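For reference, the structure is listed below as structure tokens.
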Amino acid sequence: MNPTSKPLLPSSDSSTAKTDDQGGATPNFSMLHPDIIESHILTRLDGPSLATTSCSSATLHRLSAQEHLWSQICRSTWPSTALPRVSRLISAFPDGGPRAFFANSFPLPLPDPTSAASRSPQPSELISAVDIYYRSELILAKVEETETVTGWFRCSPFRIDLLEPKDVVPTPIKHPEGDNDSGTSLMEDMTLSWILIDPAGRRAVNLSSHKPVAVQRHWLSGEVQVRFASILVGDHKGPARGHVQCEVVVTCGKSEGGEMRVRDVSMEMEDMDGMHLNGKDSLVILHRALEGKRGKARNRGEEGRRRYEEYVGMKSERKERQMRTEGALDVMCVASGVITFVAFWCFVWWR
């Protein structure tokens, strides 16, 4: 064989080895140098695409598992994770570091009612990495640390606030004008990610529906409230049984130029009766969500809204059942009172 001649492709690939117009050999993808695949192809992919590519072959699986690729994807998807402490925590995640963090944080948590209570210790601290986008433009990226061991946290209503009372974040979004403006642009173009991290257990979960589930205008102040929600499984033995709602509310006011300004970003937990949970009960639910299953990574916005609508339907049915039960009890109480009244006067009359 001539040492300068090019190797031929196998006969099984003959259908793809020739071009229609030139009749020459087309380079096989596996013949590309790994550095070319990594630097010119894999670095251009987002997280879901890179995960899909890793399943194509053993070579691509090896190349796609490199930590620096997933670190870059995490930082570009969630700029808040680029902060030093969060970045170090992500690198220490078991079974892949940033790749494992992405697998935990990108999909929505799956509200599985059959999941068993966790036996691992509850986190003594929670780290919130929050990123808000509007039309792919970053509005806010912030990290908040919350302790979970003091009596104040456990006994008070669960609430995490990202902004101080005087903090204001400007946005390029025009403030909705008039009652007829329902904030359709916000429903379709705003996205929010709220990743809750357990630094001791090296676990993470995204508690946002990705896209808003509702946009409302406050009747008094005129501020716009953009709501995101994640439906989780309640405590089987505690007061928050069934499903609970983890709600994130972004409150926006109006600037002098007519743009919206983010004035408050907060997270709360409530049960199906609309009661806010305290820190102790919320921590049990969040602990189970951190260790629970994850849903599909595609169509997160639609899936989040579907779960929220199902949850609202369950709340409505529950309220109707309670009203029927209370109505039946009222009838029984009235009937019991009438019977007692008649019996008393019959006793007096025949005495």
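Given the structure is predicted, the values throughout are model-derived calculations rather than measurements.
- Remark: side-chain polar atoms of N278 are not paired, donor with acceptor, to backbone N or O of P157 under 3.5 angstrom.
- When R300, R307, R305 are each tested for a salt bridge (Lys or Arg N to Asp or Glu O under 4.0 Å) with E303, only one passes: R307.
- In summary, of the residues considered (S208, S209, S128), a side chain to side chain donor-acceptor pair (under 3.5 Å) with W194 occurs for S128 alone.
- Within the 3.5 Å criterion, the main-chain N or O of R261 finds no donor-acceptor partner in the side chain of S255.
- Below 30°, between 30° and 60°, or above 60°: for F158 and F153 the angle between ring planes is above 60°, a perpendicular geometry.
- D131 and S193 are not linked by any side-chain donor-acceptor pair at a separation below 3.5 angstrom, with hydrogens and angles left out of the test.
- At a threshold of 4.0 Å, the pair E270-R227 does not count as salt-bridged, since none of the basic side-chain nitrogens sits closer than that to a carboxylate oxygen.
- Contacts of D167 classified as salt bridge (charged side-chain N to carboxylate O under 4.0 Å, His left out), with partners at least two apart in sequence or in another chain: none.
- The aromatic rings of F93 and F101 sit perpendicular to each other, their planes meeting at more than 60°, with 30° as the lower class boundary.
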Intermediate values then yes/no, side-chain contact (heavy atoms from CB on, under 4.5 Å), L286 and L207: CA-CA 9 Å; L286 295 175; L207 297 174; 3.8 Å; yes
Worked verdict on Q122 versus V284 for side-chain contact (heavy atoms from CB on, under 4.5 Å): CA-CA 8 Å; Q122 293 183 350; V284 174; 3.5 Å; yes
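- In terms of heavy-atom proximity, A141 sits nearest to L138 at CB-CD2, 4.1 Å.
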Residue pair R85, V143: steps toward the side-chain contact (heavy atoms from CB on, under 4.5 Å) verdict: CA-CA 10 Å; R85 186 187 180 189; V143 173; over 6 Å; no
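- Ion pairing of R306 with E310 is present here, as a side-chain N (NZ or NE/NH1/NH2) and a carboxylate O approach within less than 4.0 Å.
- Checked by atom type and distance alone, the side chain of T77 never pairs as donor or acceptor with a backbone atom of C74 at under 3.5 Å.
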Residue pair V226, L192: steps toward the side-chain contact (heavy atoms from CB on, under 4.5 Å) verdict: CA-CA 10 Å; V226 187; L192 179 142; over 6 Å; no
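- When the side chains of ILVMFWY residues are joined at heavy-atom separations under 4.5 Å, either directly or via intervening members, M187 and I132 end up in a single hydrophobic cluster.
- Of all the heavy atoms in L290 and L196, the pair that sits closest is CD2-O, 3.5 Å.
- Heavy atoms from other residues, nucleotides or ligands lying under 6.0 Å from NZ of K280 number 12 at most.
- Between D264 and R159 a salt bridge is recorded (basic side-chain N to carboxylate O distance below 4.0 Å).
- Pairing each heavy atom of L89 with each of R202, the nearest pair is CD2-NH1, 3.8 Å.
- Between Q245 and A229, the shortest heavy-atom contact is OE1-CB, 3.7 Å.
- Among R154, M269, R288, the one residue that satisfies the side chain to side chain contact (heavy atoms under 4.5 Å, CB included) test with L283 is R154.
- Residues F102 and P48 come closest through the heavy atom pair CZ-CD, 3.9 Å.
- Summarising the geometry of H243 relative to M272, their closest heavy-atom pair is O-CG, 3.0 Å, with the distance given to 0.1 Å.
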